[in-house]
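One structure is given here, and the rest of the page talks about it.
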Amino acid sequence: MKAIVELNALLRKELLLEWRRQSALGGVILYLFSMVFLAYLAFDGRINTETWNALFWLILLFSAMNAIMKAFIQENERRHIYYYTMVSPTTFINAKIIYNAVLLVCLALLGFAVFSSFMGNPVQSLSLFLINLLLGMVGFASVLCLVSAIASRARNNFTLMAVLGFPLILPLLLVLIRVSGQTIYGTSFSAVTPGFVTILLLTAIAITLSNVLFPYIWKD
Amino acid sequence: MAGEKIMVVVLLVLVIFLGIAVFLFYVERRLSVSEKKLKQLEAKQKKQEKK
Amino acid sequence: MQNFRNNWWKIAGILLLVWVIAGGLLFDVPQLPVLHETIRNIYYHVGMWFGMIFILFAGLVFSIRYLLWNDPADDVKAYAAVLVGLLFGALGLLTGMIWAKFTWGSFWVNDPKLNGAVVGVLTYLAYVVLRGSVDDRDKKARLAAVYNVFAFVLFFIFIMIIPRLASASIHPGLDGNPALSTGDLAPEMRKVFFPAIAGWFIMAYWLFTVLYRTMRINLKIEEITENS
């Protein structure tokens, strides 16, 4: 029970921090908008379905990396020591994952809205597409949080985050893109189920590993 | 004709491979020498610290 | 060399690979459509691939041990294992590309297993970059170990599971097993293939031990010069 209370408290803290320091969140949203607009200009607003799919996910990926980088790198030393004494590392990392998952879902929905308005919306099975999006963002958060935690302890953290994160996120990304493509052309739930299962599996493994491994990074 | 060519390839690859193997043994010998020296050096240092 | 008892396995490995090189190129192979003689590549390309997985798995074990017991030797071993793994990975990709040119006409194809191979190499290159980005020795070892565990699990899942989900792959051995299929295990090939696996395992391990010893000596020299 104590763990859940602590989790709640941490989550609330994250939300509060985010609210106060709107510039960080604003930066991420601006990044997203800029990428979409850039794509719009580069492609002149006309793209085929495959490109739409790939481009959308690439933009989401980079925006997600950007967002999660800020999750770990912005907190300073003293506060870290404070957390160290207060909560267990697993609670901490789970709070980060949950918070960032929610953040990414909102970001993705916003991204989808903006991207569609500029590039059109070819998606046929919308509900399945959105479920894929949801699962995908949770998956991103679970993989990227641990990577961000590692990168934040080293120099060159922003570049390092991309270097470390990209190969690890790729399997998940490929499945997401494939399922997304299926939903764009119109598909049934049974057809995408194997994809969903894979995504959930990868996410579960990432969360488990993060829980097991994060305490070792914590000792600092 | 083809039979001869493949023999050349086989021999070439074998030579390269055996060359690598010989090189590895040579490196290992150098390593063993260095390891021995280091051990002696470390033993000397420990004796000095005890004094 | 000094004692044969410690080194016999290296001789065994050498003999095995001599057999594989000579036999792989000279013995008869089943004539399959498209593949023809290039099927011989299995002895080298696939063999090296297995060797890579094996040595990377060893790296995983060393990283876990480091996290559990904080012995710096384990960290050095993990690093050495990853480097040898990268070498074999690069060689595997190279042999794969040469084979692809002969079999499919181009050096690269968009296929989940090939992409998986590149992802693997990228992952472990990132490991090297990570180590380079941290100065403090303990921190470096710990972060590297954490990343290695995370990376290996995800990488392993990627290469094992994703190809099975893919609808179609022109890379041989699709029915379940990513490396072999019934045609490849013809009896006349087995007598070279299994020794190949053993041979490449031994070579990978040998390279690993040499690299580890070199690194360890360098570290000790650093320590001694720091202390004096």
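Below, chain A is the first sequence line, B the second, and so on; all start at residue 1.
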Lys10(C) and Glu28(B) ion-paired at < 4.0 Å: yes
Donor-acceptor side-chain pairing of Arg213(C) and Ser34(B) below 3.5 angstrom: no
Atom pair CG/CD of Leu38(B) and Glu223(C) - distance to nearest 0.5 Å: 10.0 Å
Pairwise side-chain contact, Val13(B) with Tyr44(C), heavy-atom cut-off 4.5 Å (strictly under): no
Contact check, side chains of Leu25(C) and Met7(B), non-hydrogen atoms, under 4.5 Å: no
CH2 on Trp206(C) to CD1 on Ile20(B), rounded to 0.5 Å: 10.0 Å
Residue pair Glu35(B), Arg216(C): steps toward the salt bridge (charged side-chain N to carboxylate O under 4.0 Å, His left out) verdict: CA-CA 9 Å; Glu35(B) 281 168 354; Arg216(C) 198 176 58 131; 3.4 Å; yes
Verdict with reasoning, Leu24(B) to Met203(C), per side-chain contact (heavy atoms from CB on, under 4.5 Å): CA-CA 10 Å; Leu24(B) 282 179; Met203(C) 279 314 286; 4.1 Å; yes
Region of Leu41(B) in contact with chain C, defined by heavy-atom distances below 4.5 Å: side chain
Verdict with reasoning, Phe25(B) to Ile14(C), per side-chain contact (heavy atoms from CB on, under 4.5 Å): CA-CA 12 Å; Phe25(B) 278 124; Ile14(C) 295 177; 3.8 Å; yes
Would you list the atom pairs, donor with acceptor, under 3.5 Å between side chains in residues 84-97 of chain C and any protein atom, with sequence neighbours excluded?
| from | atom 1 | to | atom 2 | distance (Å) |
| --- | --- | --- | --- | --- |
| Thr95(C) | OG1 | His45(C) | ND1 | 3.1 |
| Thr95(C) | OG1 | Leu91(C) | O | 3.0 |
| Thr95(C) | OG1 | Gly92(C) | O | 2.9 |

Crowding at OH, Tyr205(C) (>12 non-hydrogen neighbours, <6.0 Å): no
Separation of Phe17(B) CZ from Leu17(C) CG (nearest 0.5 Å): 4.0 Å
